[in-house]
Number of protein chains: 2
Amino acid sequence: MSLRHALLALLTAQPMSGYDVTKVFDRSETFVWHAPHSQIYPELRRMEVEGLIAAESSQRGRHGIKRMYSVTAPGRAELRRWVCEQMPPEPIRDAQRLKSAYLEFGSLDNARRQFKAHLEHYELWERLWESHVVQLRARATPLNRTGIRGDSIPWK
Amino acid sequence: MSLRHALLALLTAQPMSGYDVTKVFDRSETFVWHAPHSQIYPELRRMEVEGLIAAESSQRGRHGIKRMYSVTAPGRAELRRWVCEQMPPEPIRDAQRLKSAYLEFGSLDNARRQFKAHLEHYELWERLWESHVVQLRARATPLNRTGIRGDSIPWK
DNA sequence: GAGGCCATGTAAATGGTTACATGATTGC
DNA sequence: GCAATCATGTAACCATTTACATGGCCTC
């Protein structure tokens, strides 16, 4: 159940609306987590009910309400709990690797095409990732002397 | 929907029962595809109904029936179709990477523990993978002159 | 006859995808 | 007034996980 923690993590950067989160998560080129808005909005609501995030609501027209969510103290505690928890490694389910193991059922030309597309995709992805990292670095603030961030609830 | 193609691919090696497939797929250390038996048995049944595989049944006690499945001609055709089809890259949903980006919410000690566990796991995995590959190579048969395998339905 | 592995299922719950649906605000 | 983008939701479906459930065969 990591959609929840991805949302929590993203919202620690700054308060955001569901729509803002969607712009980050709902694109083919995400860097760590993908989710469509149909998954994001209900999950944000559940997290609000459970007190992990809080909404600042504002009216929009006669029907709509816009909600800016921010992480609460329990939310930060949950994020820290999750960060410290050991997760079992995720089961492997890799369609590309599966296919590559059975390319012999197609033609040589097809194998070349598949590998080429794969390479091109991930070369592009890597370039995007690298420029993303450059931007992150530019915005980064140094860690404090304890080397940690967040509030004062102690970890074990 | 690649569970289906993983099953198809595995069954091309030799006829197998659902239980045999399970032994390959239902373990924490799979190499390309993981699935529990509760997913495997129903899918095999559906594939049989659709004619992609055929079952050789044998009685087991008063209630049980054991089924040995093998891939049919339509099944091989479907596998080849899938192998030749370009798949869109899978959306990224990587809990480990997500966590590693937010380790600053935990302690330095915790970060070390997490990275260490990760490393140990994948070092073991890599060793297993390498010995698996050695075994596969020992059993491999050379490709024929066309460099392809399967039956005579032509590909484009 | 007990324990381990062979063998096969179903059911409930959760997580994720795709499609349907609506309306507001902003800038041209 | 039109288009793009802001903004939010629901519903149906499919894939996956976890738990429940049963019985056969073989060897000690």
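Naming: A, B, ... by sequence-line order, numbering from 1 per chain.
- Between the CD1 atom of Ile40(A) and the C1' atom of dT18(C) there is a distance of 15 Å, rounded to whole Å.
- No donor-acceptor contact under 3.5 angstrom links the side chains of His34(B) and Glu90(A), judged on distance only.
- Hydrophobic clustering of Ile, Leu, Val, Met, Phe, Trp and Tyr side chains at less than 4.5 Å, counting indirect connections, keeps Val32(A) apart from Leu136(A).
- Between the CD atom of Gln96(A) and the CZ atom of Phe115(A) there is a distance of 10.0 Å, given to the nearest 0.5 Å.
- You won't find any donor-acceptor pair under 3.5 Å spanning the side chain of His63(B) and the base of dG24(D), going by distance alone.
- For Tyr41(B), no side-chain nitrogen or oxygen approaches OP1 or OP2 of dG9(C) to under 4.0 Å.
- With hydrogens and angles left out, the side chain of Arg60(B) and the base of dC25(D) share no donor-acceptor pair within 3.5 Å.
- Between Arg67(B) and Gln39(A), the one whose closest nucleotide on DNA chain C sits nearer the 5' end is Arg67(B).
- If you measure from atom CG of Asp26(A) to atom P of dT5(D), you get 15 Å, rounded to the nearest angstrom.
- Electrostatic pairing of Glu130(A) and Arg127(A) does not count as a salt bridge here, judged by no charged N lying under 4.0 Å from a carboxylate O.
- Put simply, Arg45(A) has no side-chain N or O that comes within less than 4.0 Å of OP1 or OP2 on dT10(D).
- What separates CE of Met1(A) from P of dG16(C) is a distance of 10 Å, to the nearest Å.
- Taking 4.0 angstrom as the limit, Arg62(B) places none of its side-chain polar atoms (N or O) nearer than this to OP1 or OP2 of dT22(D).
- Distances shorter than 4.0 Å separate none of the side-chain N or O atoms of Tyr19(A) from OP1 or OP2 on dT8(D).
- For Arg93(A), a side-chain nitrogen or oxygen approaches OP1 or OP2 of dT17(D) to under 4.0 Å.
- The aromatic rings of His37(B) and Tyr41(B) stand perpendicular to each other, their planes meeting at an angle above 60°, with 30° marking the opposite boundary.
- The base of dT8(D) is not paired with the side chain of Ser17(A) by any donor and acceptor separated by under 3.5 Å.
- Comparing Ser2(A) and Gln59(A) along DNA chain C, the residue whose closest nucleotide (by nearest heavy atom) sits nearer the 5' end is Ser2(A).
- Here Gly64(B) lies out of heavy-atom contact (under 4.0 Å) with every strand.
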